[in-house]
Amino acid sequence: PVLYSYFRSSCSWRVRIALALKGISYDLVPVNLIKDGGQQFSAEFKALNPMQQVPALKIDGITLSQSLAIINYLEETHPSPRLLPQDPRKRAQVRMIADHIASGIQPLQNLSVLKQMGEKKMEWAQNCITSGFQALEQILQHTAGRYCVGDEVSMADLCLVPQVANAERFKVDMSPYPTITRINKALLELEAFKISHPSRQPDTPAELRA
């Protein structure tokens with residue numbers, strides 16, 4: 001497998017966690033979203049992913065984009081350890097939380113949107129994350145055990161940790177979200193989350209390395 005990734009991309013981080021949890025070794029090709037006006041806009045990368053976004057994963061003779069689609073494919077082809085619970089209600093809750101973050105928060109504060117916001121980008125990002133986290137905190141109070149849904153790591157957790165990192169980068173006050181904070185702390189202690197961390201990637205700038 002070959003993963004096209006950017007160290008700071010939260011969508012790429014989700015996939016790196018999934019690959020680490022499932023013990024799938026891969027080659028990483030960095031795509032710098034800022035350098036040269038954004039390497040994702042090159043003709044070469046556009047041929048790979050017409051949406052011109054990371055991550056993209058070449059695996060089993062196909063190229064996949066969109067982090068949740070990639071994670072679902074890895075789940076179906078490498079079912080252990082599972083990232084979707086067997087219980088249909090819990091599985092629906094995992095997908096709900098993953099979608100809440102991947103569709104309802106992250107796209108509103110990603111690089112392409114923030115570029116459009118100009119000087120207001122910090123305020124915009126904070127508002128998007130805050131409104132999303134207010135809802136998420138409420139949801140997690142009903143679903144959480146040690147992690148987002150019960151006591152097993154799931155696809156929801158793969159979305160949560162990178163989004164909390166975004167919140168911290170945009171200086172969001174995390175004190176109103178004790179459940180999110182507690183789960184995030186527990187997840188960051190797991191090896192798969194450590195080795196996939198943005199501070200430990202081949203393309204991490206020296207000043208941001210762990």
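Values reported hereafter were calculated over all heavy atoms of this structure, with side chains retained and with hydrogens, waters and symmetry mates removed. The structure displayed is predicted, hence computed values, not measured ones.
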For this session: State, with a plain yes or no, whether a side-chain heavy atom of Val164 is found less than 4.5 Å away from one of Tyr177.
Result: no
For this session: Determine yes or no for a side-chain-to-main-chain donor-acceptor pair under 3.5 angstrom, with Asp151 supplying the side chain and Gly145 the backbone.
Result: no
Exercise. Does a side-chain heavy-atom distance below 4.5 Å link Tyr147 with Leu190?
Worked result: yes
Problem set entry | Same apolar cluster: Leu33 and Val113, side chain cutoff 4.5 Å | no
Problem set entry | Polar side-chain atom of Asp27 near backbone of Val2 as donor-acceptor pair, under 3.5 Å | no
Exercise. Between the main-chain N or O of Gln109 and the side-chain N or O of Trp124, is there a donor-acceptor pair closer than 3.5 Å?
Worked result: no
Exercise. Taking the side chain as C-beta and beyond, is there a heavy-atom pair between Val31 and Asp203 under 4.5 Å?
Worked result: no
Exercise. Do the side chains of Pro30 and Leu28 get nearer than 4.5 Å, heavy atoms only?
Worked result: yes
Exercise. With hydrophobic residues grouped by side-chain heavy-atom distances under 4.5 Å, do Tyr26 and Ile195 end up in a single group?
Worked result: no
Exercise. Taking Gln52 for the side chain and Lys46 for the main chain, is one N or O donor matched with an acceptor at less than 3.5 Å?
Worked result: no
Exercise. Rounded to the nearest 0.5 Å, how far apart are CD1 of Ile129 and CE of Met174?
Worked result: 9.0 Å
For this session: Kindly compute the distance separating OG (Ser9) from CG (Asn166), expressed to the nearest 0.5 Å.
Result: 9.0 Å
For this session: Could you tell me whether a side-chain N or O of Arg91 sits under 3.5 Å from a main-chain N or O of Leu84, the two making a donor and an acceptor?
Result: no
Exercise. Which distance, rounded to the nearest 0.5 Å, do you find between the CZ of Arg16 and the OG of Ser5?
Worked result: 4.0 Å
Exercise. Do the side chains of Leu57 and Tyr4 get nearer than 4.5 Å, heavy atoms only?
Worked result: no
Problem set entry | Residue list, side-chain contact (heavy atoms from CB on, under 4.5 Å) with Thr179, at least two apart or on another chain | Glu137, Leu140, Gln141, Ala144, Arg182, Ile183
For this session: Would you indicate whether Glu119, at its atom CD, is surrounded by more than 12 heavy atoms from other residues, nucleotides or ligands within a distance under 6.0 Å?
Result: no
Exercise. Quick one: does Ile70's side chain get under 4.5 Å of Pro55's, heavy atoms only?
Worked result: yes
For this session: Would you give the length of the straight line joining atom CD1 of Ile59 to atom CG of Leu74, rounded to the nearest 0.5 angstrom?
Result: 5.5 Å
Exercise. Going by an N to O cut-off under 4.0 Å, is there a salt bridge joining Lys90 and Glu152?
Worked result: no
Problem set entry | Donor-acceptor contact below 3.5 Å, side chain Asn72 vs main chain Leu68 | yes
Exercise. Any luck finding a side-chain donor-acceptor pair between Ser67 and Arg14 under 3.5 Å?
Worked result: yes
Exercise. Do the side chain of Arg209 and the main chain of Gln201 share a donor and acceptor less than 3.5 angstrom apart?
Worked result: yes
Exercise. So do Tyr6 and Leu111 actually touch side chain to side chain, heavy atoms under 4.5 Å?
Worked result: no
Exercise. Is there a donor-acceptor pair under 3.5 Å between the side chain of His78 and the backbone N or O of Ile24?
Worked result: no
Exercise. How close do Ile34 and Asn32 get, heavy atom to heavy atom, and via which atoms?
Worked result: N-OD1, 2.9 Å
Seminar exercise, completed: To the nearest 0.5 Å, atom SG of Cys128 lies from atom CG of Leu114 at 8.0 Å
Problem set entry | Charged N-O contact under 4.0 Å between Glu75 and Lys22 | yes
Exercise. Any donor and acceptor pair, going by atom type alone, linking the side chain of Arg8 with main-chain N or O of Thr204 inside 3.5 Å?
Worked result: no
Seminar exercise, completed: To the nearest 0.5 Å, atom SG of Cys148 lies from atom CG of Leu136 at 6.5 Å
Exercise. Do side-chain atoms of Asn49 reach the backbone of Ala56 as a donor and acceptor pair under 3.5 angstrom?
Worked result: no
